[in-house]
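Letters A, B, ... mirror the listed sequences (proteins, then strands); counts begin at 1. Computed from a predicted model, the values in this text were never measured in an experiment.
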There are 2 protein chains.
Amino acid sequence: MSRETPAIGRPRAFDEAVVLDRATEVFWRHGYEGASLNVLTAAMGINRPSLYAAFGSKEELFRRAFARYHETKVADARAALDQPTAYAAIEVFLRSSANGLTTGDHPRGCLSIQGGLACSPENTHVAEVLAAGRAATEQALEERLHRAAAEGDLPDGVDARALARFVMTLSEGHAVHAAAGASCEELQASVDIALRAVGRPG
Amino acid sequence: MSRETPAIGRPRAFDEAVVLDRATEVFWRHGYEGASLNVLTAAMGINRPSLYAAFGSKEELFRRAFARYHETKVADARAALDQPTAYAAIEVFLRSSANGLTTGDHPRGCLSIQGGLACSPENTHVAEVLAAGRAATEQALEERLHRAAAEGDLPDGVDARALARFVMTLSEGHAVHAAAGASCEELQASVDIALRAVGRPG
DNA sequence: AGGCAACTCTACCGCTCGGTACACATCGTG
DNA sequence: CACGATGTGTACCGAGCGGTAGAGTTGCCT
């Protein structure tokens with residue numbers, strides 16, 4: 001498995017985390033199926049056998065890349081849920097994700113969306129992995145809003161599940177817009193409007 | 001060419017509109033790159049040379065399919081812009097698109113999104129065609145809202161462009177959610193929330 | 001009837017895909 | 001220093017890709 005240093009044999013000439021980040025960027029830009037092994041290995045700076053020895057297969061590489069993406073980029077947005085109020089949590093979630101979708105040293109948009117919504121028949125489980133990642137984020141949002149409801153932090157009659165879905169949906173739409181070239185300011189203006197639907201901070 | 005009946009030579013054994021609709025469904029389900037010629041021709045019920053004689057190339061077939069999609073499915077949602085008020089236009093637009101994304105005799109989601117957000121380097125213009133289609137719809141929404149502003153049908157200070165982008169963004173997010181299995185009712189609940197941001201009818 | 005134009009069908013093209021065999025290089029250990 | 005274990009590099013595999021050649025088929029026109 002070669003996760004911990006083996007202490008015997010020829011040592012690896014690359015840093016696994018570094019090449020994984022480079023692979024992530026290729027998947028992010030071209031999607032799972034659009035990322036060929038030639039492009040991947042060129043960006044990672046290693047050869048195919050090294051890639052296969054370290055990651056097993058293209059799909060396994062993608063899963064690792066997506067997991068790492070989730071632990072870093074998506075976690076930034078999820079940190080918004082630590083805000084003290086539901087309103088603040090939603091606002092920070094939408095603003096920080098809008099920011100992450102359009103700025104920074106990486107492709108525009110979101111790997112969870114760019115990775116591949118539609119796939120050829122033999123790769124449908126890749127799309128499912130991505131959908132599961134998005135659903136997990138929505139679930140976290142929903143739990144945060146349920147807690148807010150229990151704390152009296154949401155107006156009576158607000159459906160936490162529907163509100164979480166609304167927020168997540170908007171964020172996904174922003175990802176689509178960002179990939180098509182929308183600016184951060186444009187997305188933030190959209191967030192301004194969405195927040196009017198959420199209600200005043202309480 | 002063969003768009004009008006040529007009156008000479010062997011007549012075509014298939015209806016161009018029918019096979020184009022079948023191709024549309026394959027692209028819709030698998031995306032541009034995920035739709036192989038084998039799957040396409042099998043679904044269309046014709047052989048490759050017939051496909052190439054009638055449509056020229058896979059990309060040209062896709063453009064035709066997308067154009068037809070726009071003239072039919074997207075046009076249904078666009079018809080919402082004929083509503084007498086801006087609020088009604090937005091509501092009907094969102095509700096009818098949510099409906100179209102989840103019901104009917106076709107794949108879930110939207111071809112403009114499923115077709116391919118991310119592509120391999122040689123197919124980037126396919127993604128651009130799809131983005132241009134979405135931008136055209138957003139543009140139509142914006143123009144409708146500008147008209148509403150001129151008619152005093154929108155509260156003062158409302159940014160028609162931002163509002164159009166918000167509505168379109170939500171609809172794109174709904175397309176992502178629909179492809180992942182969300183029900184029509186779930187999307188409609190999200191529309192309920194969004195409409196709170198738009199303001200009262202009037 | 002005969003000729004020609006358009007369409008259909010089988011079988012193939014070159015290319016790229018994801019994945020791998022095998023020889024060689026580089027390490028720790030006896 | 002030889003050995004075994006592991007990583008690297010080249011060159012390759014079968015399969016599937018988008019696209020097409022060329023022979024055979026079916027119609028209208030004179």
Side-chain angles (χ1 to χ4, degrees), chain A residues 1-20 23 26-27 30-65 115-116 118-126, chain B residues 1-20 23 26-27 30-65 115-116 118-126:
Chain A
M1 297 314 159
S2 67
R3 297 299 304 274
E4 64 275 1
T5 43
I8 194 166
R10 180 171 174 174
R12 205 163 256 171
F14 58 89
D15 181 335
E16 198 170 295
V18 168
V19 301
L20 190 55
V26 174
F27 284 129
H30 299 304
Y32 175 71
E33 293 187 327
S36 70
L37 282 181
N38 277 340
V39 172
L40 281 167
T41 52
M44 298 164 83
I46 65 178
N47 319 68
R48 287 153 175 259
S50 299
L51 189 158
Y52 277 82
F55 301 101
S57 70
K58 182 187 179 185
E59 181 172 339
E60 207 53 46
L61 171 66
F62 179 78
R63 294 180 119 100
R64 292 274 305 276
C119 290
S120 60
E122 65 264 27
N123 288 321
T124 48
H125 39 316
V126 168
Chain B
M1 303 309 145
S2 65
R3 296 300 302 277
E4 63 274 1
T5 42
I8 194 166
R10 180 172 174 175
R12 202 163 257 171
F14 59 91
D15 181 335
E16 200 170 294
V18 168
V19 301
L20 190 55
V26 174
F27 284 129
H30 298 304
Y32 175 72
E33 294 186 328
S36 70
L37 282 180
N38 277 340
V39 172
L40 281 167
T41 52
M44 297 164 85
I46 64 177
N47 318 70
R48 287 153 174 257
S50 299
L51 190 159
Y52 277 82
F55 300 101
S57 71
K58 183 187 178 186
E59 180 172 338
E60 207 52 46
L61 170 66
F62 179 78
R63 295 181 119 100
R64 292 276 303 275
C119 290
S120 60
E122 64 264 27
N123 287 322
T124 48
H125 39 316
V126 168

Salt bridge present between B:Glu59 and B:Arg64 (N-O < 4.0 angstrom): no

Scan the side chains in residues 40-49 of chain A for donor-acceptor partners under 3.5 Å anywhere in the protein, sequence neighbours excluded, and list what turns up.
residue : atom : partner : partner atom : Å
A:Thr41 : OG1  : A:Leu37 : O            : 2.8
A:Thr41 : OG1  : A:Asn38 : O            : 3.2
A:Arg48 : NH2  : A:Asn38 : OD1          : 3.2

List the steps, then state whether side-chain hydrogen bond (donor to acceptor under 3.5 Å, both in side chains) holds for B:Ser120 with A:Glu33. CA-CA 8 Å; B:Ser120 60; A:Glu33 293 187 327; over 6 Å; no

Quick one: closest heavy-atom pair of B:Tyr52 and B:Lys58, and the distance? OH-N, 4.1 Å

Whole angstrom value for the distance that separates P of D:dA15 from NZ of A:Lys58: 19 Å

For D:dG7, take OP1 and OP2 only and decide whether either is under 4.0 Å from a side-chain N or O of A:Ser50. no

Do B:His30 and A:Pro121 have side chains that approach each other closer than 4.5 Å (heavy atoms only, starting at C-beta)? yes

Could you tell me the separation between the CD1 atom of B:Ile46 and the P atom of C:dT10, rounded to a whole number of Å? 14 Å

Return the polar atom pairs (N/O with N/O) between nucleotides 24-27 of chain C and the protein under 3.5 Å, or none.
residue : atom : partner : partner atom : Å
C:dA25  : N3   : A:Arg10 : NH1          : 3.2

Minimum heavy-atom separation for A:Glu16 and A:Ala54, please, with both atom names. OE1-CB, 4.5 Å

Distance check: side-chain N/O of A:Tyr52 vs OP1/OP2 of C:dT20, anything under 4.0 Å? no

Quick note, B:Asn47 side chain, CB onward, closest among C:dC9, D:dT8, D:dG19 is C:dC9

Taking only residues two or more places apart in sequence, or in another chain, which ones meet A:Ala65 in a side chain to side chain contact (heavy atoms under 4.5 Å, CB included)? A:Leu20, A:Thr24, A:Phe27

Where along residues 35-45 of chain B does a heavy atom fall under 4.0 Å from DNA chain D? B:Ala35, B:Ser36, B:Leu37, B:Asn38

Mapping B:Pro49 and A:Glu59 onto DNA chain C by nearest heavy atom, which one lands closer to the 5' end? B:Pro49

Hey, is the side chain of A:Arg48 pairing donor to acceptor with the base of D:dG9 inside 3.5 Å? no

Measure from CG on A:Leu51 to C1' on C:dC17 and round the result to the nearest Å. 14 Å

Residues two or more places apart in sequence or in another chain: which of them pass salt bridge (charged side-chain N to carboxylate O under 4.0 Å, His left out) with A:Glu60? none

Counting distance alone, no hydrogens or angles: does the base of D:dG7 have a donor or acceptor under 3.5 Å from a partner atom on the side chain of A:Arg12? no

B:Ala13: what forms a side chain to side chain contact (heavy atoms under 4.5 Å, CB included) with it, not counting sequence neighbours? none

Gap between atoms CD and P, on B:Glu33 and C:dC15 respectively (whole Å): 20 Å

Starting at CG of A:Asn123 and ending at C1' of C:dC17, how long is that distance when rounded to a whole Å? 12 Å

